Each structure stands twice: as structure tokens, then as C-alpha cells.
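Single-structure report; data block below.
Throughout, protein chains are lettered first and strands after them, A, B, ... in sequence-line order, and every chain is numbered starting at 1. Fair warning: this is a prediction, and the values are worked out from it, not measured in the lab.
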Amino acid sequence: MFKESNIRKPLILGHKTYHDITQDIVGPIEGPAPKQWKIAFTIALIVALYGVGCIMYLVGVGIGSWGLNKTVGWAWDITNFVWWVGIGHAGTLISAVLLLFRQRWRMAINRSAEAMTIFAVMMAAVFPVFHMGRVWMAYWTLPLPNQFGSLWPNFNSALMWDVFAISTYFSVSLVFWYIGLIPDFATIRDRMTKPRAKKIYSILSFGWSGRAKHWTRFEEVSLVLAGIATPLVFSVHSIVSMDFATSVVPGWHTTIFPPYFVSGAIFSGFAMVQTLLLIMRKTMKLEAYIHLKHIEYMNIVIIVTGSIVGVAYLTELFISDYSGVQYESYAFINRFSGPLAWSYWSMMTCNVISPQLFWFKKLRTNLGFTFAMSIIVNIGMWFERFVIIVTSIHRDYVPAAWGEFKASVIDIGMFIGTIGIFFTLFLLFARFFPVLALNELKTILKTSGESYKNDNKH
Amino acid sequence: MAQDKLHFQVPAKTKTWSMAFMAIGAVAAIAGWLFDKTEHHQYWWANLLICAFFFFAISIGAMFFYAVQYAAEVAWTAQLKRIFEAMFAYVPVGIGIVILVLLAGQFHVHHLYHWMDPEVVNPDSPSYDAIIANKMPFLSSWFFWLRVIMYAATFIIFGRLFRKWSLMEDENPSVDLHLKQYRRGALFLVFFAVFSSTIAWDWLMSIDTHWYSTMYGWYIFSGMWVTCMIFATLFLLWLKQKGYYSKVNDSHIHDMGKWVFAVSMLWSYLWFCQYMLIWYSDIPEEVTYFKERYDHYMTGMWAIFACNFAIPFYVLIARDAKRNVKFLWRVGVIIFITHFLDLYMAVIPGTVHGHLEWGLGEHGHHITFAWWFEIGMFLGFLGLFIMVVTNALSKARLIPVNHPYLNESENHHI
């Protein structure tokens, strides 16, 4: 029989039975909402409403209420868009790529990471959609036959590719996430005593019966979706990077952008997963399932992707000088020594230097340090996009057209607002959905559960 | 088979064939030297550089993959680690030949690297080139050779340490040895992350001296990785055919096939992104690279992308195809060759620019390439590589003992 190597740390701590797993994960859904949840939800909702208010103001007054000017035509809006899309990547990486690599530790984190992906992509969509100004015409981005004459999207534009990339990505992520939820919804349905809730979970579980046939199809469809989602992880952020890289703006146009954006996206996504899970495992008492080893693995992913991003930063910096093109060199000299140098150095410190501290095992297995670092990386990755976008265009070819950017209240309000909406959605998810893939977890209990592993030794 | 064969012995036929290939290579090299009428035998040296780099790249690709297996706690490859050890046993030979080519350039025997000519960076000289002069802090000879020494030292030292501790583990069941390799694997990856890019800049991108692309390092890296995976897969299939590795099952073969498939897609992705972004923005400083290839090597350029992307994509996407030995052999051999062509396309256009003078006598006639010479050189190096690798494989137990993941590897099932 297959025996997991003894040097592998168990993935489920303590002595758990199948019933314990169900109880630990479904229990919180069945009981009343805890006080902490209510407080957190209220705060998130208030922030979200503030964001909605800012968006309404923006729609009413126009894009002029952002800090954009004739030189800096893209700033916080696109920065926030790329930041949110990037955060989404970790969910797909965990659910699809790690599935293909047969990483069993993913089962404790994939559900919430996928939920995070979906909410993050929704937040990302807010910015380009409202940047259109006349948002009620957003459907013009779709290649639909219409009565407005020769109106047709420009297929040569990377922005257009983005519409397709993001919507495909969102649909596949949603389907993937939902398929995974079906057996777990069925488990809740079977336990639920309140008739209305039972009815709702019954509808949500699509008549799942747990037959062998259902499981076979479930596994097949998971693999197929993983196969589709994996190229999507690459394509989405590659195409986002092409919004910049297809231009002729120094600092935007560079060939390394697609893979470097993908790596950066995974980096920032894992940081957000850490932020969310470190709080969730504590408040929902999931320490047996999401424990130090999981945190450590995620921190290792953070070092790897952070270092790849670091190599890309240095490559860009080096090539800008090596190229001998004065505009190219100046774009980078301006980045590290111009008026926005503080943002460049914040980016470098947060994304390249500080994650290297995770080389020390003591630090990468320290919960407090990991939490602080996850916030630092989130900040750093926001700055990365800000640096790329604003420092490249605020001083381009013609010095007479140089300018500065100052964020307006609405810029800031919308950004904070999306964080509020994101947390509102995530908290709703944590309250009503099974936050761990409980049926999948049960499949690894006998091979990777602590007490079972210890029995194997004797 | 009841008893697994524990030691690999190089079959006499393999020895003969590898010697024969090397002999072909030597003949091709000598004849090619006589035929090559380009200035400074530029074409001859360019071919030597391609072959030297190609096989050296496979060996450091193997070391990279080996280090990843430790750092990522991979179990299923535990049985196969000696294959990768054998492949990176070629590192000292490989880097030796590369250094030979570089030294010849430094002493102006050939001009593959335009910037090695001091006249080009001398402001008083009529052939002064301001763009190249700007690159001199990086390409100055002391810094360039310092890097070469660093590459050689790093790869040779890590290779020896990996191998030594791996053999020690056979004698000593302590898990500490494994954990030490785990840490060493991670450390090696740090060096590799930097050197894989800088090697590509130093030895390949600098051939088209004016040109630059930030993607180039990763693109070359993906090519070396995929060729390494192909070689390892075919080598494993061949060993199984010979009756070794009876505990390596279909799942292992399937996973090797997946790697060939996945890294082929990585290569295609990087190739496409680099090409598309340069084509799309059409900046004069950048398009020169593809312009050269469009003008003189259009067929080759598109053939490479078509073969290296479409063949693995369409043939290997199905699950059963990756478990099918025949499919793997055919696809593997084809894309092994087309990845060689990919490297060829990185070197030749920038060195001979489509004007090859070739033939015996005072002046040659104009051709684009000399197929028999190129094939001969390739076979010569292939023979050398196979000889070194099979010889290294026969030096230790084929399947390691005491590897903590060995049991998982033997029970690998997907």
C-alpha cells in the first residue's frame, strides 16, 4: 500500500475522524454568527458603502474627479485594476496548477483562495468599467451587432484582448470553484435541519448523491478545468502586461513583461491568501487543517516568485542602460532618482529585499512575521504597478509635456471602497460556504493525517 | 523481472556508435574548416559555438531540474535521480569547450563577438561604434571573463557536491544528508536564477551586439530546459528498453511526457511574447533582430516555432500519448532537433548574415548553409555527450538506496 514518506510533515494535525472534519467545517455555518464576524462585517460594509458612494459621485461628475491630467492619463485606476487582477492569480494557481502538480497541501487552502480570486477579479473589473465614463455603454466593448453604424471594437488593441481574457478567466474560475463546492454543499444539505436553509443548499448542490459515478465525473471535470485554467493563469496577466508592453513608451515597452507580470501576480496573490487565511484559521479554529507547514509552503512560493520578480526588475534596469537608448535609460534613472523615487524604493524594499528574510526558517514559520510580511508584499505590489504606470508616463519623450500626478479624494475612496466590497464578499463567503474543501480533505486524511502517519511508523 | 538490474553497463554497441559519431564530427570539422571561406572561419566557429552551447545547456538544465526536485520535495523522480546526475556529469567537458570558443574570440581568431574587437570601442578609430562602446562596462574583457570563471566554478562545484552527497547517501541512511541536499538545491537555484539569464546575454545576445531584449535570458533558459527534459525522457525510455528500471512504471513515463509538454508550452509562450511585442511596437532598435531572420532565414524561423509549438501541443496533449513510448520517441527526436535549430537561429544570422562562402579552392560559392557539415558537427557532439553521460551513469548504482522518497517513487501511481 502507498505510504507517505516519514519525512513529510502531516497535513492534518491531531487525531481527526471523517466526522470531525465535517463537524469542524460545517459546524460554524449551522450555528449563529459569532460576534467577531458581525463586527468585521459591519466595518467592511461601511467601507464598501463609502466606495459605492465614491463610484456614484464619479459617474455623476465624470472622470475629471480623478487626479488624471493631460500627461498622466492612467494612474490609480489602472494600478488598482492590475493589483486586483494580480491578487486573483493565486487562487487559480492553487486550484489548478497545484492540482496538476498533485500538491496535497493545496486542499486546505484552495476553496478560500478561489473565492478570493473571484472577488478580486470582480473588484478589478470595477476600474476599467467605470473608467469608461459613460458606464452604461460598457457593452460596447463586446463585439455585438449593433444599430450605431460601423461601431466595432478594435481587435488590434491589447485593451480589447483584456476584455476577453478577463471575462474568460472569470467564467472558468467561477465554474471551477462552483464544481468543487457541489459535494460540500450536499454535505451541508444532508445535515441541515432548518427547512428553508435545507432547501437552499439542496438547490445549490445540484442533486449530488455521492455515487461513485458522480465522483468519477467530478474528478474528470476538475482535471479538465485545471487544464483550461492553467494557460489562463498565464494568459490573463500576460495580456494585462501587454496593455503596456505593446506601446512605445519607455518603461512600458519591454519584452519580459508577460512572464514577469504573471510571476508578480502569483506573488501578490499568495500574500493576500496569507493575509486572509492567517485571520480565518484563527477565528474559525481551523488550525488543525491550515497549520505551520501550509504557511511555510506559501512563504516558499512567496520567496520564489518574489525572487523571479526581483530578477526581472534587475534585468529591466540593466537592459535599460545596456540598450544605449537614451529614453529607455532615462525612464529608469527617473524611476530610481526622480520625484517619484520614493515609490520605486518602496517597491524594491517590499517586493525584493524583505521577502528574502523568508530564507530563515525561523521567520517563515513565524505567524506574526508572516502576517506582517503579507501586508508588506501587498503594499509593495501596489507600488510596483504605480511605479510602472505613473513614473513611465509622467516624464516621457518631450520635457515640455512633463507633469505630476496627485491622487484625488475619489481616487483614494474608490480604492479603499473596493477593499471594503472585497472583504464584505469574503466574509459572506466565510459565513455561508464551506471554507475548506471538506470532502477532498477526507481523501488525504488516512495518508497525511498526523495520527494515521504515526500509526504507520509502528 | 524478478531482480532489478542494479548497475548500468554501457552496451558495446553504444560505445561503438558514440565513437563513430565523434569520428564523423571530427571529419566534418576538418572538412568544414577547409570548405569554409568566410572571414576568420566565422561560420565554422559559429557552428562550434552552437554545438558547444547546446549540449552544455542540456547539462546545466539537468542540474537545474535536479535541484528543483530536492527543493520542491519531489518524490516520483527519486528513482531517476542518477539519470540527471549522469547528464550534469557533462558540465566540465561542456564548459571547457565553450571556454575554448570564447578564448579563440578573445584572441581574435574569430569575430563571432563583434565587441571583442578593441577598434570598435576606440573613439579614434574609424570603425568606432558608439552603441557598442556604451555596453563596454558590462562587456569589458575583465568583467566578461570574471563572469565566465564564476559560471564554470559554480556549475562544477555544485555538480560535484550534488553527486558526492548523493553517493554518500547510498552508504549512509541518515536523513540529514537528504536535508542537506534540499538546502543545497535551493541555494543552487539562486545562482541559477541569475546565471541562466546572464549566460544568455553574454554568450548569445551579445552576438547581435546592438540588439537587446529583456525576455532573452528566460527564453534561452526555457529552450535549455525543454531539451534537457527531452533527452532525459528518451534516455529513460532507452534504459527501460534495455531492461533497467523495472520499477519505473507508466505513471513515471507519463510525468516525464508532461514535463516535455509543459516546458514546450513555456518555450512557445516566451517565444511568442518576445516576438509579438517586438513585432507589434516595431521600434527600429529592436526589430533588427527579426529583420535579419526575416530577410535570410524566414523558413527556418517559422519552422522552429511551428515544430516546437505545434508538434508537442497536438501530439502530446492527450493523456495516452504521453504514455505511448512510440509517440514520445518520435516527438522527442523531432523537437530535440528543432530546438537545436532554435539555437542555430540565435547564433547564425548574427554571425554570417546569410552570406556564406563555401567550397574548395580560392573562392567559395554563395550558399545559405552547409548541411553535411552542420549535421556532422551535431552528431560529433551528440556522440561525445552520450559517451560522457552513459559512462557517468555506469559509475554508480542505478537506483539510489536510502532516499527518503524512494518508497513513494516506487508506488507512484496517477
Side-chain angles (χ1 to χ4, degrees), chain A residues 1-9 97 100-103 156 158 223 227 230-231 234-235 238 241-242 244-250 252-260 262-263 297 300 303-304 307-308 310-312 314-326 328-329 356 359 361, chain B residues 71-76 78 130-135 137-139 175 178-179 186 189-190 193-194 196-198 201 205 210-219 222 258 262 265-266 269-270 272-278 280-283 285-286 317 319 404-408 411-414:
Chain A
M1 202 203 120
F2 172 75
K3 250 175 49 177
E4 198 178 76
S5 173
N6 283 330
I7 69 165
R8 290 197 196 277
K9 292 272 185 323
V97 181
L100 296 180
F101 278 116
R102 297 186 298 270
Q103 297 294 308
N156 291 335
L223 268 181
T230 304
F234 282 84
S235 82
S238 298
S241 82
M242 286 170 195
F244 309 103
T246 51
S247 71
V248 290
V249 178
W252 282 11
H253 173 75
T254 176
T255 49
I256 207 172
F257 256 28
Y260 140 50
V262 172
S263 183
Y297 279 139
I300 290 173
I303 314 177
V304 172
S307 305
I308 294 175
V311 170
L314 297 178
T315 302
E316 276 192 309
L317 190 63
F318 165 72
I319 297 281
S320 73
D321 175 63
Y322 177 86
S323 73
V325 181
Q326 56 168 329
E328 198 68 41
S329 321
Q356 302 304 328
W359 283 100
K361 197 179 170 84
Chain B
E73 304 175 12
V74 180
W76 69 274
I131 298 177
I132 296 181
N134 172 66
K135 298 178 201 283
F138 182 69
L139 294 174
V175 180
H178 178 82
L179 295 177
L189 293 176
V190 175
V194 178
S196 58
S197 281
T198 53
W201 301 340
M205 194 167 86
H210 284 192
W211 181 74
Y212 58 90
S213 165
T214 41
M215 176 82 97
Y216 197 77
W218 292 358
Y219 156 68
S222 68
K258 278 186 199 167
M265 293 309 111
L266 176 71
Y269 163 70
L270 297 180
F272 175 77
C273 287
Q274 174 169 270
Y275 174 75
M276 192 280 284
L277 289 174
I278 289 175
Y280 194 110
S281 14
D282 206 12
I283 297 173
E285 287 88 346
E286 286 184 354
I317 194 162
R319 175 182 185 272
Y405 294 136
L406 204 56
N407 182 272
E408 278 190 45
N411 291 297
H412 183 48
H413 174 74
I414 48 171

> Taking all non-hydrogen atoms of both residues, which atom of A:T255 and which atom of B:M215 are closest, and how far apart?
Replying inline: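 Closest approach of A:T255 to B:M215, heavy atoms only: OG1-N, 2.9 Å.
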> If you take all heavy atoms of A:D321 and B:N134, which pair is closest and at what distance?
Replying inline: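 Closest approach of A:D321 to B:N134, heavy atoms only: O-ND2, 3.1 Å.
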Segment of [X] engaging chain A (4.5 angstrom heavy-atom cut-off):
{"X": "B:M276", "result": "side chain"}
{"X": "B:Q274", "result": "both"}
{"X": "B:A75", "result": "both"}
{"X": "B:L189", "result": "neither"}
{"X": "B:A71", "result": "neither"}
{"X": "B:I317", "result": "neither"}
{"X": "B:H413", "result": "neither"}
{"X": "B:E286", "result": "side chain"}

>> Could you go through A:V325 and B:Y212, starting from their C-alpha distance and side-chain angles, then the distance that decides it, and tell me whether this counts as side chain to side chain contact (heavy atoms under 4.5 Å, CB included)?
In response: CA-CA 10 Å; A:V325 181; B:Y212 58 90; 3.5 Å; yes
Pick one of side chain, backbone, both or neither for [X], based on which atoms fall under 4.5 Å of a heavy atom in chain B.
{"X": "A:V262", "value": "side chain"}
{"X": "A:I308", "value": "both"}
{"X": "A:F257", "value": "neither"}
{"X": "A:S320", "value": "neither"}

> Would a line drawn from the ring center of A:F318 to the ring center of B:W201 be shorter than 6.0 Å?
Replying inline: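 Yes.
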> Are side-chain N/O atoms of A:S238 and B:Y269 paired as donor and acceptor at under 3.5 Å?
Replying inline: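 Yes - a donor-acceptor pair under 3.5 Å links their side chains.
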> With respect to chain B, which residue among A:I7, A:V248, A:T254 yields the maximal number of heavy-atom pairs within a distance under 4.5 Å?
Replying inline: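 Sorted descending by pairs with chain B, the first entry is A:I7.
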> Top residue by heavy-atom pair count (under 4.5 Å) with chain B, among A:M242, A:R8, A:E328?
Replying inline: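 The residue among A:M242, A:R8, A:E328 with the greatest pair count is A:R8.
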> Any side-chain heavy-atom pair from A:Y322 and B:L139 closer than 4.5 angstrom?
Replying inline: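 Answer yes - side chains close enough.
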>> The criterion is side-chain hydrogen bond (donor to acceptor under 3.5 Å, both in side chains); which residues satisfy it with A:Q356, sequence neighbours excluded?
In response: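 By the side-chain hydrogen bond (donor to acceptor under 3.5 Å, both in side chains) rule, A:Q356 matches A:S307, A:W359.
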> Taking it one step at a time, do A:I319 and B:M205 satisfy side chain to side chain contact (heavy atoms under 4.5 Å, CB included)?
Replying inline: CA-CA 11 Å; A:I319 297 281; B:M205 194 167 86; 3.7 Å; yes
